[in-house]
Peer 1: 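Dropping a structure here in structure tokens format, bear with me for questions.
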Amino acid sequence: MSMEISRKILPSLIAFARKNSPFYGDLYRALPETIHAIEQLPVLSQQAFWEANRLEGGQLLTGAMHDGIVLKSGGTTGNPKFSVFSRTDWNVFVTAFSRGLALGGLQDGDRVANLFYVGELYGSFLFTHKALEECPKRVMQLPIAGATTPGDIYRFITELKATVLAGVPTTMMSLVDHIDKVGRDPAASTVRLILFAGEAMYPDQRARLEACFPGVEIRSIGYASTDAGLLGFADLSCGPNEFRCYDDDALFEIIDEETGSPIVAPGIEGLAVVTALRRHLMPILRYPVGDRASWVDAHGTAHRKFLLRGRSDESARVGPVTLYPEDVRSVLASFPACQGACDFQLLTIHREGKDGLILRIGNRNADPALSAQIIAAIYEHRPMYAQLLAQGKILPIDIEWVDATALEINPRSGKLKRVIDRRFA
């Protein structure tokens, strides 16, 4: 992070948020009038943040919603989470991302098949489309979209001689499954680069894609989220799950979850926290991203490199689907057998080339017949999970009934681990 830029931007950004956002004004009420260092601010509670961010009667925004874009960033149908960008904030966000995108292997003249999802307030397709428009590399866009059938996707990329595929890994794997069934068209040999986002790309998936598209390069399109904004870009020096910081636009921190102090030494895992330096309508100040990370480069390095280490306790990511513990808790609370002392954990797994979820419930006395009802209720609250399951892109939810003492805790704090990422084990 450029300390000069941070010193110039942070005090005025914080003062603006305190003055215009009731949420931040209340949160920072006891802090000094002028804040000079990010460490003076508390790390946000995601629950408190989203409770304040209501479309009606909300306390988070610094002004009226009169231009820009509204996107859905997760939550169940009964508790959706909306991210709001003014036109200026949105343009700054996408333009900065496009500069990082240009460093990840795109070439002038590339034909990019956009296979991300669009509609229902999801932002990945629109964001990628605009980022490619703003990209310093001159590319031709093929707006195919992820909801297109694998057969039609394959037809488009062969007929239009796509050189780059951009989308979530689950879409890529559905495409590979289709190609395995119908046979490989020599016309698909134009594909030289696959850019993915929204979920991790695992070694077994990479191997299948490399076999399907010989000589293809597989890279992340970049690290960003609808709620947190800019997080990192992947240049040609970055390996799998490695990214570099957007020094001029975001302050990326890795925090020790026990002490709350920033981690500066390489190799030490902690919670990823971000501050968006150029976002004003919906300020993001020390927001927990929901991922764990560790530094790769030495402290003080420009565009410092970091490594993602899986999800934190903020949410479980299953393919492109995000499940929040509080949403699962609300589902369980509707079943009498799961009320009161009944606790749970979300375990994300990866097998057979797909992500999946195990819901571990600490109640040995409950009737296992409840499992099907609970799973059905979660699918009802999170339709995207059910849709991707029906398409064969992710694994079904499984439930384990265990003694409460079998639930895993943090050995240092004794706190229950709400989300456990088993995919990188």
Side-chain angles (χ1 to χ4, degrees), residues 46-47 50-51 53-56 69-84 114-128 144-150 152-153 167-175 177 196-200 225-227 290 311 314-335 338 344-350 352-359 361 370-399 418-419 423:
Q46 270 208 6
Q47 181 176 352
W50 288 111
E51 286 177 352
N53 187 35
R54 305 286 182 180
L55 292 181
E56 296 295 335
I69 190 169
V70 177
L71 300 172
K72 188 166 68 173
S73 58
T76 64
T77 54
N79 181 33
K81 294 175 169 62
F82 297 104
S83 286
V84 184
N114 185 346
L115 305 180
F116 285 104
Y117 283 83
V118 65
E120 298 187 39
L121 298 180
Y122 290 110
S124 58
F125 181 94
L126 295 173
F127 179 78
T128 302
I144 299 172
T148 307
T149 66
D152 284 339
I153 290 176
V168 297
T170 50
T171 299
M172 304 298 179
M173 300 319 297
S174 294
L175 177 60
D177 288 341
F196 68 91
E199 51 184 302
S225 71
T226 301
D227 49 0
R311 296 296 290 175
E314 301 294 344
S315 63
R317 187 79 169 184
V318 185
V321 185
T322 300
L323 284 172
Y324 291 87
E326 63 266 28
D327 295 329
V328 175
R329 182 183 294 280
S330 68
V331 170
L332 294 178
S334 65
F335 295 90
C338 297
F344 69 94
Q345 290 176 321
L346 304 176
L347 281 72
T348 53
I349 60 171
H350 183 81
E352 302 169 8
K354 302 174 184 177
D355 279 0
L357 178 76
I358 297 174
L359 172 56
I361 304 175
L370 279 174
S371 296
Q373 299 176 43
I374 293 171
I375 292 170
I378 294 175
Y379 291 159
E380 181 179 356
H381 276 259
R382 200 69 175 100
M384 187 178 181
Y385 199 115
Q387 292 164 6
L388 291 172
L389 175 62
Q391 296 167 12
K393 295 181 178 180
I394 55 179
L395 299 173
I397 295 173
D398 191 19
I399 291 183
R418 187 63 65 196
V419 178
R423 296 170 299 177

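Just so you know, these numbers come straight off a predicted model, no measurement behind them.
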Peer 1: If you compare all heavy atoms of Val168 against all heavy atoms of Gly198, which two are closest, and at what distance to 0.1 Å?
Peer 2: CG1-CA, 4.4 Å
Peer 1: Between atom CD1 of Ile397 and atom OH of Tyr385, what is the distance when rounded to the nearest 0.5 Å?
Peer 2: 4.5 Å
Peer 1: What pair of heavy atoms forms the shortest contact from Leu357 to Ala316, and how long is it?
Peer 2: CD1-CB, 4.4 Å
Peer 1: Could you give the distance from CG (Leu388) to NZ (Lys354), rounded to the nearest 0.5 Å?
Peer 2: 11.0 Å
Peer 1: Please report the shortest heavy-atom distance between Leu323 and Leu346, naming the atom on each side.
Peer 2: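 For Leu323 and Leu346, the tightest heavy-atom pair comes out as O-CD1, 4.3 Å.
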Peer 1: Mind checking what makes side-chain hydrogen bond (donor to acceptor under 3.5 Å, both in side chains) contact with Tyr117, not counting sequence neighbours?
Peer 2: Lys393
Peer 1: Does the pair Thr226 and Lys81 meet the rule for a side chain to side chain contact (heavy atoms under 4.5 Å, CB included), with working shown?
Peer 2: CA-CA 10 Å; Thr226 301; Lys81 294 175 169 62; over 6 Å; no
Peer 1: As an exercise, state the distance from NE2 of His350 to CG of Leu395, rounded to the nearest 0.5 Å.
Peer 2: 8.5 Å
Peer 1: Which atom names give the shortest non-hydrogen contact between Ile394 and Val318, and what distance separates them?
Peer 2: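 Heavy-atom minimum between the residues: CG2-O, 4.2 Å.
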Peer 1: For the atom pair CD1 (Ile375) and CG (Leu370), what is the distance rounded to the nearest 0.5 Å?
Peer 2: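 Rounded to the nearest 0.5 Å, the CD1-CG separation comes to 11.0 Å.
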Peer 1: Looking only at heavy atoms, which two atoms of Phe125 and Asn114 are closest? And how far apart?
Peer 2: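 That would be O-ND2, 3.2 Å.
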Peer 1: Would Thr171 and Ile153 count as a side chain to side chain contact (heavy atoms under 4.5 Å, CB included) if you check the C-alpha gap in whole Å, the side-chain angles of each, and the deciding distance to 0.1 Å?
Peer 2: CA-CA 10 Å; Thr171 299; Ile153 290 176; 4.2 Å; yes
Peer 1: Are the side chains of Tyr379 and Pro396 in contact, using a 4.5 Å heavy-atom criterion?
Peer 2: yes
Peer 1: Where do Asn53 and Phe82 come nearest, in terms of heavy atoms and distance?
Peer 2: ND2-O, 2.6 Å
Peer 1: To the nearest 0.5 Å, how far apart are CD in Glu352 and CE in Met173?
Peer 2: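 One finds 12.5 Å between CD of Glu352 and CE of Met173.
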Peer 1: Checking Ile374 against Ile361 for the side chain to side chain contact (heavy atoms under 4.5 Å, CB included) test, could you report, in this order, the C-alpha distance in whole Å, the side-chain angles of both residues, the deciding distance, and whether it holds?
Peer 2: CA-CA 11 Å; Ile374 293 171; Ile361 304 175; 4.1 Å; yes
Peer 1: Got a second to check how far Thr148's OG1 is from Leu115's CG, nearest 0.5 Å?
Peer 2: 7.5 Å
Peer 1: Under 4.5 Å between any side-chain heavy atoms of Arg317 and Asp355, yes or no?
Peer 2: no
